[in-house]
Amino acid sequence: CYMSAVVKDGYELHIMDQVTGSARRVEDERRLIRARATAAQSVGSSHSQDGSSRFVYVLSFFSALGGFLFGYDTGVVSGAMLLLKKEMNLSAFWQELLVSSTVGAAALSALAGGYLNGLYGRRKCIMLASFIFTVGGIILSVAPNKAVLLFGRLIVGLGIGVASMTVPVYIAEVSPPQLRGQLVTINTLFITGGQFIASVVDGAFSYMEHNGWRYMLGLSVVPAVLQFLGFFFFLPESPRWLLQKGDTQQAREVLTQIRATESVNEEYDSIKSIIEEEEKEAGGGPVLCRILACAPARRALIVGCGLQMFQQLSGINTVMYYSATILQMAGVRDDKTAIWLSAATAFTNFLFTLVGVWLVERVGRRKLTLGSIVGTGVSLSVLAVGFLLSAQTSPPVTFQPSDPTSPNSTCTHYGFCEQCMLDPNCGFCYYENGSTISGSSCEPVDPANTEQAASGRCSNGTQEDPSALWAYNYCPTSYSWVVLLGLILYLAFFAPGMGPMPWTVNSEIYPLWARSTGNACSAGVNWIFNVLVSLTFLHVAEYLTYYGAFFLYTGLAVLGFLFVLGCLPETKGLMLEDIETLFSRRLCTCGALGGEHAHYIRPHLDLGKLHYGTLEPEEGIAYISLQ
Ligand SMILES: O[C@H]1[C@H](O)[C@@H](O)[C@H](O)[C@@H](O)[C@H]1O
């Protein structure tokens, strides 16, 4: 039933029944609104006056070490693998296993983390994750064989999963509303920072051919121990979780400590009353069933999981992983230089995440995500066009080696470099004179070292014939600059929005009773799609070619854009307890109600059972529906 609500002034609400034309004043709700608005203001002013944010920053720093470890442990493996595959003689299958096992374990433990979070709280879960990271790091650094390595990588994955879903929730729950977006986004800054440091460590230890990988994998113990000690000695549990568990005394103390002010009564009362209200509405039974049965929470879950899914479907990890090859395409021949340039890619990702931290409270989550996904889509299409141009001008095979070691190899059947490079067993061997390519052949790759051919001119690191060049996974092209441009644009657009916003938004959109489970599900979705995209990329490229794969990602980014446009409301500046109502109307009207309007009208209409529909252009008039 539609009613119109006329907001007379800052805090007054009249509800008019459109059928009878009678107006009602809602005294009780008005009191609640006032209390909440004052609470929000007092949080803001106490923060700015007495610098209470300092402690919140310390809290966020120690929690975000979880993000750092997530980034470090996912990033470090590529450099470690270069050494490991030689030292432990790893097959392609084992290499893949060591990379994907961690991500797979992360998916499972992120899902389990929801349960643990609800039961034991955020603090214990973060400590558990840092403990797991420590154990995993130690196992990896002393691993005597590949089986133990696999075990260590699985353990580390368990830590990543729990950390990835707990840390954003913890930071969101301890932050004052006006800093929340920035602080949670700092966690993603730490993820990309961890990836960058990992690539630097990879570069530094790549010169240490023996056991260099032990340092690469083992160094993660340092931040893990630091985080554990920080939480063990002085970091508190989330006041919201404490309140939910009925530990009101402790909750008040923690809130006082975090805000560094005694006047937390309003905020405390407001959080408490809403949590009680929410608990009543939520009913009983397993949390996931309750989420699915409760429309606003269900919509939040769809938005949260959708964002995480589209983050991964935009291909970030493929682009990062593939960046070394893109750089090789652009003419970087030397292996070590390619490793250092990959560090530059990781640094760019980090740098632009910093832009996201700066923008999130200025432009809001919705605009930032929309802008980012548009730019990501455009950059993906630039990458696709670059690959297309390079495929169309792909050099032909002009030379057949007289004595190939594998005479049955399919490599010798290909007529162009493009076909040759799409076959993971083959590489392209050629001479280059300016932009002219000559003496080119497609030859079997050395399975133990893809940087050389199994035999002939391009084997033994081209020592057989120093002027011969070997291209594995790419083709020489004069359009490499288009691909390079695509790569830089991609990182510049993805990193401030699509990188961090899915984590940030997920930490805020669920009501408290659904928060752990909601974040567990959405983080699980993130990891599942992470594995899916990385495991399928090479196959997709084989079927659709590289440009086909990147056009496919472009299409997915367009779908992602439509999803965000229709479904993501603005959560900037609102108290966590107020956000649930943004999901109380049909999924696709959420967007229309986001932004400043929601911010303005939200305190007036947050009446428990009142949910608003469309907002008319005249200021202060909203059409709302009564549930
Ligand atoms: O938000 C992060 C970040 O963008 C990382 O760079 C990426 O590797 C992760 O998959 C993603 O979840």
Side-chain angles (χ1 to χ4, degrees), residues 64 66-78 99-100 102-107 110 156-157 160-168 171 181 184-199 304-324 342-357 360 365 368-369 372-373 375-376 379-380 487 490-507 519-535 537 553 556-557 560:
F68 180 88
L69 286 157
F70 158 174
Y72 186 88
D73 278 317
T74 48
V76 80
V77 68
S78 55
V99 177
S100 329
T102 308
V103 185
V156 163
I160 297 180
V162 175
S164 70
M165 63 113 340
T166 312
V167 171
I171 300 181
V184 182
T185 308
I186 285 182
N187 184 50
T188 312
L189 184 71
F190 272 51
I191 299 177
T192 54
Q195 289 172 330
F196 166 58
I197 298 293
S199 57
C305 292
L307 280 176
Q308 292 287 22
M309 178 181 83
F310 282 113
Q311 179 198 66
Q312 290 302 315
L313 288 179
S314 322
I316 172 67
N317 293 303
T318 309
V319 172
M320 293 264 285
Y321 172 77
Y322 203 69
S323 65
S342 301
T345 315
F347 183 71
T348 316
N349 193 15
F350 168 76
L351 203 67
F352 283 99
T353 313
L354 200 61
V355 175
V357 172
V360 62
R365 290 62 159 153
L368 188 55
T369 313
S372 165
I373 200 160
T376 303
S379 335
L380 282 165
L487 173 69
Y490 180 93
L491 292 172
F493 280 108
F494 178 91
M498 278 310 281
M501 286 311 108
W503 298 108
T504 305
V505 168
N506 266 288
S507 72
N519 273 276
C521 293
S522 62
V525 166
N526 180 293
W527 291 111
I528 290 168
F529 277 88
N530 186 326
V531 189
L532 273 180
V533 172
S534 45
L535 283 186
F537 177 70
Y553 291 155
L556 292 170

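Ligands are counted one by one from 1 in listed order, and the atoms in each one are counted from 1 as well. Basis for what follows: all heavy atoms, side chains included, without hydrogens, waters or symmetry-related copies. Only a predicted model underlies this, so the values are computations on that prediction, with no experimental measurement involved.
- Counting only distance, with no hydrogens or angles, the side chain of S372 and the backbone of M498 share a donor-acceptor pair below 3.5 Å.
- When every heavy atom of I160 is checked against every heavy atom of T102, the shortest pair comes out as CD1-CG2, 3.8 Å.
- Those atoms of ligand 1 that come under 4.0 Å of a heavy atom in N349, given as number and element, are 6 (O).
- In this structure, the separation between OG1 on T376 and CG on L313 is 12.5 Å, given to the nearest 0.5 Å.
- The protein heavy atom nearest to atom 12 (O) of ligand 1 is Q311 OE1, 2.9 Å.
- Of the heavy atoms in N317, only side-chain atoms (C-beta onward) come closer than 4.0 Å to ligand 1.
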> What do the steps show when you test N349 against T192 for side chain to side chain donor-acceptor pair (under 3.5 Å), and what is the final call?
Replying inline: CA-CA 6 Å; N349 193 15; T192 54; 5.4 Å; no

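- In this structure, the protein non-hydrogen atom closest to atom 1 (O) of ligand 1 is G499 O, 2.9 Å.
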> When you look at I171 and V167, which way does the side chain to side chain contact (heavy atoms under 4.5 Å, CB included) test go after all the steps?
Replying inline: CA-CA 6 Å; I171 300 181; V167 171; 3.8 Å; yes

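- One finds the CG atom of N526 at 11.5 Å from the CE atom of M309 (value rounded to the nearest 0.5 Å).
- Ranked by closest heavy atom to atom 10 (O) of ligand 1, the top entry among Q195, M501, Q312 is Q312.
- Listed by number with element, the atoms of ligand 1 under 4.0 angstrom from any heavy atom of T188 are 1 (O).
- Between the choices T192, N526, T504, the shortest heavy-atom distance to atom 3 (C) of ligand 1 belongs to T192.
- Of the heavy atoms in T353, none comes closer than 4.0 Å to ligand 1.
- Among F196, F494, W503, the residue whose heavy atom lies closest to atom 2 (C) of ligand 1 is W503.
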> Is there a side chain to side chain donor-acceptor pair (under 3.5 Å) between T504 and T185 once you walk through the steps?
Replying inline: CA-CA 6 Å; T504 305; T185 308; 3.2 Å; yes

